[in-house]
Number of protein chains: 2
Amino acid sequence: MAESELQTATEHEEKLERLLTIAAEIFSEKGYHNASIRDLSKRAGTSLSGLYYYFASKEELLFMIQDRSLRKVLTALRSKLEGVASAEEKLRILVHNHVGFFSENMAAMRVITHEYDSLQGEYRTRMTELRHEYSDVCQEILREVRRFTSAGDVAPLNVATSALFGMMNWIYAWYTPGSNVPVERLAEHLYRLFTGGFIGPGRSPSGRRAG
Amino acid sequence: MAESELQTATEHEEKLERLLTIAAEIFSEKGYHNASIRDLSKRAGTSLSGLYYYFASKEELLFMIQDRSLRKVLTALRSKLEGVASAEEKLRILVHNHVGFFSENMAAMRVITHEYDSLQGEYRTRMTELRHEYSDVCQEILREVRRFTSAGDVAPLNVATSALFGMMNWIYAWYTPGSNVPVERLAEHLYRLFTGGFIGPGRSPSGRRAG
DNA sequence: AGCTTCCTCGATCGAGCGTTCGATATAACG
DNA sequence: CGTTATATCGAACGCTCGATCGAGGAAGCT
């Protein structure tokens, strides 16, 4: 009994994960409101009504995609940050983690950034909290960076945080993972752009040069 | 005759502009696919069928919003750039123009950045071209900046361009025009963040500090 | 007056949507 | 064997949507 229940439990979870992956692709391609549950049923090879055994509504489906994906990003980030002392290195890890996750899971990340407004009520509230959690981690790192590098007050921390997320999240609008620029290099470009700026230290002969 | 025709022509254009403004607000609030022509008819005080005298389809309505708005941004930018020699000043003008337009016309700009994928076929093609036109202007300015300031190759020009647009376009996701940060200051923050970076020149005592 | 053009409207169509419901197959448990 | 839980399905309901159509009103011209 215990074995079979466990078995069906994992099988259930596996099928759910598969449905979420396919749904993320469809939502990413056609947009949440323009995508139909029937699209999902066709691509998943399941009947329309059979899908509702795995989620209660289309909106819950959208929420599960966003919640699980962002949670993965956040836990992966916290794991990588363990034991790191340098503030700048923390920031570098954050950018690489974010951009890396983006390129590996483009569909889900696109749904997160593009279909956030499609959530309402309780789902919206819970997702807002999770986003704040992530944003706070980033902002605290920026605070450390500013303290330990005597970085000037170029911009308020919240503006800088939003600018950084803008740079990173906008990737979905132009970047294709199989392009000339590998992901690691793209992440490094964005990291250096944000920390050192486009003009950088080249104008004065003091010669700081990242990495 | 000529007078009355001109009169009705401007009245026609005025009503169309008013419809586009209201539609932009609705699309911005509910999203393109979730907003209905009936919503527009209610808020505009016109009958449902009467609206179709001013546009052929819902998608053409979306296109007109995006096309007219982005065209305004582009022509305003080119006008402001006339006679400016300094590359950095050109970049500064671009950022201020873009951010300024964003805050003054939040709904339409949000529709441009958020509902670009909702266009298809011919409309999509024409909008893609216009976006490229705008992006090219920006990229050329960045090329000038890099040449005339001996800025290092922190990132490829297209990556830098996309990063800059990411910073600027992401505004719609967090900024509210009536907040603590005035628009001009926000634009200046983003300009300095992009050119000089978050850490900036503070680490080395050479002391460059943007104007 | 008659004619034409611009503009607006109510009524309606056909299609697609999310969701529900009852039936059914399978398999493990008593 | 009977019972129960798990999982899947076809058919249908109720609703909203974008778009169309023909009828009209208002205003200017001949």
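Since we're looking at a predicted model, the values are computed, not measured. Throughout, a chain's letter reflects where its sequence line sits, starting with A, and its residues are numbered from 1.
- Judged by closest nucleotide on DNA chain C, A:Lys30 is the one of A:Lys30 and A:Ala56 placed further toward the 5' end.
- Between the side chain of A:Ser47 and the base of D:dG10, no donor-acceptor pair under 3.5 Å is found.
- Phosphate proximity of D:dA7 to A:His12: present, with a side-chain N or O under 4.0 Å from OP1 or OP2.
- For the OP1/OP2 pair of D:dT8 and a distance below 4.0 Å, the side-chain nitrogens and oxygens of A:Lys15 include at least one atom meeting the criterion.
- At D:dT8, none of the side-chain N or O atoms of A:Tyr53 fall inside 4.0 Å of OP1 or OP2 (strictly under the cut-off).
- In this structure, CG of A:Leu48 is placed 10 Å from P of C:dC17, rounded to the nearest angstrom.
- Judged by distance alone, the side chain of A:Ser179 and the main-chain N or O of A:Val181 form a donor-acceptor pair under 3.5 Å.
- The side chain of A:Arg38 lies closest to C:dC17 when the candidates are D:dT8, C:dC17, D:dC9.
- Atom pair B:Tyr52:OH and C:dC9:P shows a separation of 15 Å (rounding to whole Å applied).
- Between the side chain of A:Glu115 and the backbone N or O of A:Tyr32, at least one donor-acceptor pair lies under 3.5 Å.
- What separates CG of B:Leu40 from P of D:dA19 is a distance of 12 Å, to the nearest Å.
- Rounded to whole Å, the distance from CD on B:Glu11 to C1' on D:dA27 is 12 Å.
- Counting any heavy atom pair closer than 4.0 Å across all strands shown, B:Phe55 reaches no nucleic acid atom.
- The pair A:Glu133-A:Arg78 meets the salt-bridge criterion, since a charged nitrogen lies less than 4.0 angstrom from a carboxylate oxygen.
- Nucleotide D:dT16 holds its P atom 19 Å from the CG atom of A:Asn34, rounded to whole Å.
- Using a 4.0 Å heavy-atom criterion, one finds that B:Ser36 contacts the sugar-phosphate atoms exclusively.
- B:Leu16 places its CG atom 14 Å from the C1' atom of C:dC7, with the value rounded to the nearest Å.
- Taking 4.0 Å as the cut-off between side-chain N and carboxylate O, A:Glu188 and A:Arg192 count as a salt-bridged pair.
- Atom P of nucleotide C:dC17 and atom CG of A:Leu61 are separated by 15 Å, given to the nearest angstrom.
- Checked for salt-bridge contact, A:Glu129 and A:Arg126 miss the test: no charged N lies under 4.0 Å from a carboxylate O.
- Side chain of A:Tyr54, nearest nucleotide from C:dC9, D:dT8, C:dC7: D:dT8.
- Rounded to whole angstrom, the span from the CD1 atom of A:Ile26 across to the P atom of C:dC17 amounts to 12 Å.
- Taking only side-chain atoms of A:Lys58, from C-beta outward, the nucleotide of D:dA19, C:dC7, C:dG18 with the closest atom is C:dG18.
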